[in-house]
Amino acid sequence: MSESTPFRRLAELLGYPDSERLVGILRQILTEEEARWLAALPGTPGQLAGRLGATAEFARQILATLADKGVAVPGEETPTGRTYHRLEIGPLADAVLIDPRYEALGESFYDAWRDFWNDDMLRAAQAPEAIQARDEKPPEFRILPAEAALPTEDVSDHERASWIIARAETIAVAQCPCRRRERRCDHEHEVCLWLDGVARYALERGSARAITHEEALDILERASAAGLVHNTENVRTPRVICNCCSCCCAFLRPHVVHGLDLPVATSRYRAVVDDGACVNCGVCVARCPFGALSQGDGSVQVDISRCTGCGVCAVACPQEALRLAAVGSAAPLHDGQWIGELSD
Ligand code: SF4
Ligand code: SF4
């Protein structure tokens with residue numbers, strides 16, 4: 001029987017009670033006392049001090065440390081103080097993986113995350129109860145089409161990256177946590193766009209760089225040109241835009257490499273080829289991360305069942321023979337934000 005420690009209790013609360021890898025990772029980023037406090041969240045400093053037998057001052061300090069380490073977030077203000085929340089495993093991993101202070105732990109730290117992700121998490125994601133939980137709600141993230149590939153009319157605001165960026169007051173760019181964890185390609189690392197409350201959380205911890213609206217749009221354009229797929233929160237006003245490759249991304253890799261269901265919503269668009277303009281050069285075929293394109297007799301063919309409406313093929317076509325066209329209506333949005341406890 002495995003030992004009972006605050007680290008194991010935390011692994012259990014994060015959804016992986018049997019993961020020795022996660023216990024090992026937690027041991028590297030937290031002291032035993034910090035793990036005990038993190039396991040006790042949520043709560044205000046006053047509530048937790050009473051529950052864990054500490055002074056209010058000690059509670060304030062240790063909760064600030066947990067937030068600084070990227071494992072907890074300060075949430076809503078209450079009459080007795082601010083409530084701190086434990087991050088779920090996805091945002092916790094992202095916050096830790098983009099934090100340059102953990103680089104001192106060496107590559108073995110990132111190896112541990114990679115093994116945990118590709119083995120323990122992937123196995124858990126295929127459990128019947130996990131599949132059922134995913135089926136009960138709209139996906140938390142959705143594919144955001146490359147804007148240059150969209151039609152000129154009848155596009156909703158939240159389907160345009162430029163609209164999402166324009167409404168943000170604070171924008172930060174961070175390292176891609178998936179590429180830091182997997183290290184499987186040469187794509188640019190500093191491409192993750194965090195907005196407003198999520199951006200401020202990363203900026204306060206020194207894990208991201210503040211950028212302008214114009215710089216954010218440049219990053220998105222560069223990412224599309226490099227064949228990276230935008231993914232964003234599946235809500236109307238998202239606070240994260242990722243630029244994803246299929247070899248490293250936590251969303252795309254399980255689908256493209258391991259053949260599991262795509263865990264994000266597709267866009268409501270699909271690629272359409274202008275047969276007269278297509279010269280069958282194959283550039284788009286190599287570009288599509290989902291294997292939805294093939295060279296046919298004289299022009300390229302689209303397998304609609306594989307197309308996710310990301311648009312990176314259209315951006316790459318030298319003949320402008322590909323575009324996105326709307327099919328059906330938009331998928332339902334999710335009802336909660338990523339790190340929803342963080343206010344703007
Ligand atoms: S990149 Fe354009 S021209 Fe080349 S095969 Fe694809 S659609 Fe045709
Ligand atoms: S064909 Fe491939 S690259 Fe083009 S929109 Fe569909 S999924 Fe994206």
Side-chain angles (χ1 to χ4, degrees), residues 139 141-156 158-162 164 176 178-179 184-188 191 219-234 238 241-331:
F141 277 71
R142 61 181 161 92
I143 285 181
L144 182 67
E147 192 149 342
L150 280 170
T152 49
E153 292 182 347
D154 296 328
V155 176
S156 303
H158 70 279
E159 295 174 324
R160 290 189 189 281
S162 61
I164 296 170
C176 168
C178 299
R179 244 161 258 146
R184 295 180 196 268
C185 67
D186 295 328
H187 281 297
E188 205 176 332
V191 290
I219 288 169
L220 290 170
E221 197 178 323
R222 229 171 39 236
S224 293
L228 299 176
V229 175
H230 308 324
N231 270 290
T232 194
E233 281 179 276
N234 191 19
I241 302 180
C242 311
N243 290 296
C244 309
C245 53
S246 56
C247 51
C248 300
C249 171
F251 302 135
L252 304 191
R253 182 176 169 80
H255 176 64
V256 174
V257 177
H258 298 288
L260 305 186
D261 287 346
L262 187 67
V264 299
T266 62
S267 84
R268 70 180 170 102
Y269 302 88
R270 296 295 179 267
V272 174
V273 185
D274 176 346
D275 290 333
C278 174
V279 295
N280 214 12
C281 67
V283 167
C284 59
V285 177
R287 177 55 61 94
C288 175
F290 303 97
L293 298 173
S294 57
Q295 281 169 290
D297 242 356
S299 65
V300 86
Q301 307 292 307
V302 183
D303 178 347
I304 292 295
S305 69
R306 285 174 172 254
C307 178
T308 65
C310 69
V312 297
C313 54
V315 173
C317 175
Q319 305 296 319
E320 298 185 5
L322 271 167
R323 63 187 171 84
L324 289 177
V327 289
S329 49

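Scope of the values below: all heavy atoms of this structure, side chains included, with no hydrogens, waters or symmetry mates. Note that ligands are numbered from 1 as they come in the structure, with each ligand's atoms numbered from 1 the same way. Because the structure is predicted, anything quoted here is derived from the model rather than measured.
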Next on the checklist: Would you say that more than 12 heavy atoms from the other residues, nucleotides or ligands in this model lie under 6.0 Å from the CG of D274, or not?
Outcome noted: yes

Checklist entry - Judged by non-hydrogen atoms, does V302 sit under 4.0 Å from ligand 2? => result no

Next on the checklist: Restricting to non-hydrogen atoms, name the atom on C313 and the atom on L293 that form the minimum distance, rounded to 0.1 Å.
Outcome noted: CB-CD1, 3.8 Å

Next on the checklist: Give me the atom names and distance for the closest heavy-atom approach of Q301 to G296.
Outcome noted: CG-CA, 3.9 Å

Checklist entry - Just which atoms of ligand 1 are under 4.0 Å from any heavy atom in L322? => result 7 (S)

Checklist entry - Is there an N/O/S atom in C281 at a distance below 2.8 Å from atom 4 (Fe) of ligand 1? => result yes

Checklist entry - Can you tell me the protein heavy atom closest to atom 4 (Fe) of ligand 2 and the distance? => result C313 SG, 2.3 Å

Checklist entry - Just which atoms of ligand 2 are under 4.0 Å from any heavy atom in T308? => result 6 (Fe), 7 (S)

Checklist entry - Shortest non-hydrogen contact from L324 to C310? => result CD1-C, 4.4 Å

Next on the checklist: Is it true that, when you exclude E221 itself, more than 12 heavy atoms of the residues, nucleotides or ligands shown sit nearer than 6.0 Å to its CD?
Outcome noted: no

Item to check | Protein contact to atom 5 (S) of ligand 2 [nearest heavy atom, distance to 0.1 Å] | outcome: G311 N, 3.2 Å

Checklist entry - Looking at P318, which atoms of ligand 1 are within less than 4.0 Å of one of its heavy atoms? => result 1 (S)

Checklist outcome for this item: The protein heavy atom nearest to atom 6 (Fe) of ligand 2 is C307 SG, 2.4 Å

Item to check | Flag, side chain of R253 to backbone of C247, donor-acceptor distance under 3.5 Å | outcome: yes

Checklist outcome for this item: One finds that the ligand 1 atoms under 4.0 Å from a non-hydrogen atom of G282 are 4 (Fe), 5 (S)

Next on the checklist: If we set the cut-off at 4.0 Å for heavy atoms, which region of L293 has an atom near ligand 2: side chain, backbone, both, or neither?
Outcome noted: side chain

Item to check | For V279, the ligand 1 atoms whose distance to one of its heavy atoms is below 4.0 Å | outcome: 3 (S), 8 (Fe)

Checklist outcome for this item: protein heavy-atom neighbour closest to atom 2 (Fe) of ligand 1 works out as C317 SG, 2.3 Å

Checklist outcome for this item: Between P289 and V229, the two heavy atoms sitting closest are CG-CG2, 3.7 Å

Checklist entry - Just wondering, is there an N, O or S atom on C288 that's nearer than 2.8 Å to atom 4 (Fe) of ligand 2? => result no

Item to check | side-chain contact (heavy atoms from CB on, under 4.5 Å) between L252 and L262, worked out | outcome: CA-CA 7 Å; L252 304 191; L262 187 67; 4.1 Å; yes

Item to check | atom 8 (Fe) of ligand 1 [closest protein heavy-atom partner, distance rounded to 0.1 Å] | outcome: C278 SG, 2.3 Å

Checklist entry - Taking it one step at a time, do N243 and H230 satisfy side chain to side chain donor-acceptor pair (under 3.5 Å)? => result CA-CA 5 Å; N243 290 296; H230 308 324; 2.7 Å; yes

Checklist outcome for this item: ligand 1 atoms nearer than 4.0 angstrom to some heavy atom of C284 are 1 (S), 5 (S), 6 (Fe), 7 (S)

Checklist outcome for this item: Per-atom filter on ligand 2: closer than 4.0 angstrom to a heavy atom of V312 are 3 (S)

Item to check | Atoms of ligand 1 close to N280 [distance to a heavy atom under 4.0 angstrom, numbered from 1] | outcome: 5 (S), 8 (Fe)

Checklist entry - Which atoms form the tightest heavy-atom contact between C185 and C248, and what is the distance? => result SG-SG, 4.0 Å

Checklist entry - Considering all heavy atoms of both residues, which atom of R179 and which atom of L228 are nearest to each other, and what is their separation? => result NH2-CD2, 3.7 Å

Checklist entry - Just which atoms of ligand 2 are under 4.0 Å from any heavy atom in F290? => result 7 (S)

